[in-house]
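These notes concern the structure reproduced below.
All values below were derived from every heavy atom in this structure, side-chain atoms included, with hydrogens, water molecules and symmetry-related copies excluded. Per chain, numbering begins at 1; letters A, B, ... match sequence-line order. Note that the structure is a prediction, hence the values are computed from the model and not measured.
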2 protein chains.
Amino acid sequence: MSQASVTKGPRRADAQRNYELILAAARTAVAERGGNIVLEDIARDAGVGIGTLYRHFPTRQDLLEATFLNEALELKDRARALADETASLEALVGWLRLQMDFGAHGRSMGAAVMNAKHTEGSPIQTACLGMRDAGAVLLRRAQDDGLVREDIDMIDLLRLTHGIVLASEQARDNQRVDSMFELVIAGIRR
Amino acid sequence: MSQASVTKGPRRADAQRNYELILAAARTAVAERGGNIVLEDIARDAGVGIGTLYRHFPTRQDLLEATFLNEALELKDRARALADETASLEALVGWLRLQMDFGAHGRSMGAAVMNAKHTEGSPIQTACLGMRDAGAVLLRRAQDDGLVREDIDMIDLLRLTHGIVLASEQARDNQRVDSMFELVIAGIRR
DNA sequence: TACTATACGGAGGAATCCTCCGTTTGCAAG
DNA sequence: CTTGCAAACGGAGGATTCCTCCGTATAGTA
């Protein structure tokens with residue numbers, strides 16, 4: 001789904017292979033334990049030395065961002081698909097729900113990554129902007145249809161949905177997540 | 001303001017004194033660095049050994065909770081004061097804003113503590129429940145006045161405000177915090 | 001096959017956490 | 001005031017995790 005994992009410039013075959021092994025191990029670990037992954041464990045799971053992990057991902061943040069990158073790309077694609085298929089408000093609401101699902105799946109790493117300030121022009125920065133812009137199209141459609149207030153913007157909406165995920169992280173309670181989300185949707189309606 | 005720091009049972013004078021020194025140092029540190037405090041630093045600032053710190057607060061969570069306890073008590077008092085002084089909706093909104101201010105001040109520790117599952121009957125659990133109940137009175141009043149939807153409850157409302165604080169932690173942007181909060185308020189109105 | 005730029009791997013130093021236990025001290029009883 | 005001891009102190013040090021550094025191995029090329 002979406003453009004396969006972004007490959008860096010020309011590298012030796014073993015480097016490329018290890019890069020992907022590490023990323024795969026990190027994705028699994030993040031899904032299980034969230035941002036509290038132990039980097040030495042990732043390296044062991046990937047079957048590489050800790051030095052290799054640090055060469056590919058110099059900081060913890062780098063690894064987490066790479067883990068999240070594919071999801072950002074997929075969320076962008078999903079936004080575009082929804083724009084083609086579904087009525088404006090339903091599309092917007094459906095996409096925001098996807099944000100929460102992805103966020104919960106990644107144990108809120110998505111939210112943490114989204115909100116961090118990224119280097120200008122970095123892959124993750126580009127992916128986040130692309131995702132947000134794709135969402136903004138959905139918002140614009142719903143506003144043009146007169147269904148959503150004009151003074152809402154996508155940045156606030158994304159932050160709020162991520163906030164719901166963050167605040168519900170320990171007390172995993174889908175019932176409450178739904179009612180909070182519904183409350184937010186009520187707030188953006190015209 | 002509010003009942004002074006909750007003192008434990010009969011203790012030796014030095015124990016009581018150190019308990020308070022540690023707590024004071026922890027409050028300062030949390031205000032500055034949030035939940036990432038280094039416990040050895042706290043002990044040094046308080047002028048006690050690390051062993052003493054751990055005797056009084058066996059786990060990091062214990063210390064953070066104690067740090068937050070006074071704030072919870074004060075928020076309870078503020079809710080009661082607002083109930084006496086102000087129109088129902090304004091009181092509710094004002095109190096929720098206080099929640100966010102306190103949360104931001106404590107670097108989101110409040111939210112983290114509130115959402116953690118506490119031992120039944122522990123001081124922090126009691127304080128959180130007391131605070132929430134006091135807030136629920138404000139909500140009830142606004143609902144009775146027909147200004148707020150009946151299907152809203154205080155748990156969701158608190159989580160949402162804490163979610164806003166959490167999601168805005170890095171990108172400290174008061175403008176956006178306000179607009180998200182306003183959006184939530186719009187969502188609870190009738 | 002030989003050469004070298006590239007990549008690998010893990011030992012080990014630093015930061016932080018937390019426990020354990022020998023030493024000190026408040027305070028109550030005599 | 002002394003004495004006795006439960007209560008409290010404090011910090012050395014083991015465990016965990018992070019991250020760097022550098023000697024070793026190898027992919028790709030000529």
Side-chain angles (χ1 to χ4, degrees), chain A residues 5-68 107 109 112-113 116 119, chain B residues 5-68 107 109 112-113 116 119:
Chain A
S5 59
V6 186
T7 29
K8 284 285 180 58
R11 315 206 269 196
R12 254 169 58 170
D14 52 351
Q16 180 62 31
R17 180 163 30 81
N18 284 336
Y19 179 90
E20 272 152 18
L21 285 172
I22 294 167
L23 205 42
R27 287 213 187 87
T28 305
V30 165
E32 282 173 5
R33 289 185 284 288
N36 299 325
I37 48 175
V38 176
L39 297 193
E40 320 247 346
D41 290 351
I42 306 283
R44 192 168 27 68
D45 289 355
V48 305
I50 185 64
T52 299
L53 185 147
Y54 275 100
R55 194 165 334 94
H56 286 298
F57 305 97
T59 72
R60 171 192 216 66
Q61 184 70 7
D62 287 332
L63 180 55
L64 294 176
E65 286 179 0
T67 299
F68 179 65
R107 298 297 201 101
M109 275 321 304
V113 169
T119 337
Chain B
S5 60
V6 186
T7 29
K8 283 284 180 56
R11 315 207 271 195
R12 256 170 54 172
D14 52 350
Q16 180 62 30
R17 179 162 30 82
N18 284 335
Y19 180 90
E20 273 152 19
L21 285 171
I22 294 167
L23 205 43
R27 288 212 187 88
T28 305
V30 165
E32 282 173 6
R33 288 184 285 288
N36 299 324
I37 48 175
V38 176
L39 298 193
E40 319 246 347
D41 290 350
I42 306 283
R44 191 168 29 68
D45 289 354
V48 305
I50 185 66
T52 298
L53 184 148
Y54 276 100
R55 195 166 333 95
H56 286 298
F57 305 97
T59 71
R60 166 188 281 285
Q61 184 70 7
D62 287 331
L63 180 56
L64 293 176
E65 286 179 0
T67 298
F68 179 64
R107 299 298 201 100
M109 276 320 303
V113 169
T119 336

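Considering every non-hydrogen atom in both B:L53 and B:A43, the closest pair reads CD1-N, 3.8 Å.
Put simply, NE2 on A:H56 is 14 Å from P on C:dT6, counting in whole angstrom units. Protein atom CD1 of A:I22 is 11 Å distant from nucleotide atom C1' of C:dA7, rounded to whole Å. Rounded to whole Å, the distance from CD on B:Q16 to C1' on C:dC27 is 16 Å. Per the geometry, CG belonging to A:L39 stands 11 Å off P belonging to D:dT20, to the nearest Å. The separation between B:E40 atom CD and D:dG14 atom C1' is 13 Å, rounded to whole Å. Distance A:N18 CG to D:dA25 P: 17 Å, rounded to the nearest Å. Between the CG atom of B:L63 and the P atom of C:dT16 there is a distance of 16 Å, given to the nearest Å. C:dC17 atom C1' lies 17 Å from atom CZ of B:R55, rounded to whole Å.
Atoms CD1 and CZ, from B:I22 and B:R17 in turn, are 11.0 Å apart once rounded to the nearest 0.5 Å. Taken to the nearest 0.5 Å, the CG atom of B:D62 stands 8.0 Å off from the OG1 atom of B:T119. To the nearest 0.5 Å, atoms CD (B:E65) and OG1 (B:T59) are separated by 7.0 Å. Separation of atoms CG (A:L23) and CG (A:N18) is listed at 12.0 Å; rounding is to 0.5 Å.
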Do any N or O atoms of the protein come closer than 3.5 Å to N or O atoms of nucleotides 26-28 of chain D, and which pairs are they?
from	atom 1	to	atom 2	distance (Å)
D:dT26	O2	A:R12	NH1	3.2
D:dA27	O4'	A:R12	NE	3.4
D:dG28	OP1	A:A13	N	3.2

Would you please test B:I42 and B:I37 for side-chain contact (heavy atoms from CB on, under 4.5 Å) and show each step? CA-CA 8 Å; B:I42 306 283; B:I37 48 175; 4.2 Å; yes
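Residues A:R44 and A:D41 are paired through a salt bridge, judged by an N-O separation under 4.0 Å between the basic side chain and the carboxylate.
Heavy atoms of A:I37 sit under 4.0 angstrom from primed sugar atoms or phosphate atoms, though from no base atom.
In this structure, the side chains of A:V30 and A:L63 stay at 4.5 Å or more apart for every pair of heavy atoms.
Of the possible polar contacts, none joining the A:R33 side chain to the A:V38 backbone as a donor-acceptor pair under 3.5 Å is found.
Of the residues in residues 44-54 of chain B, those placing a heavy atom less than 4.0 Å from an atom of DNA chain D are B:V48, B:G49, B:I50, B:G51, B:T52, in numerical order.
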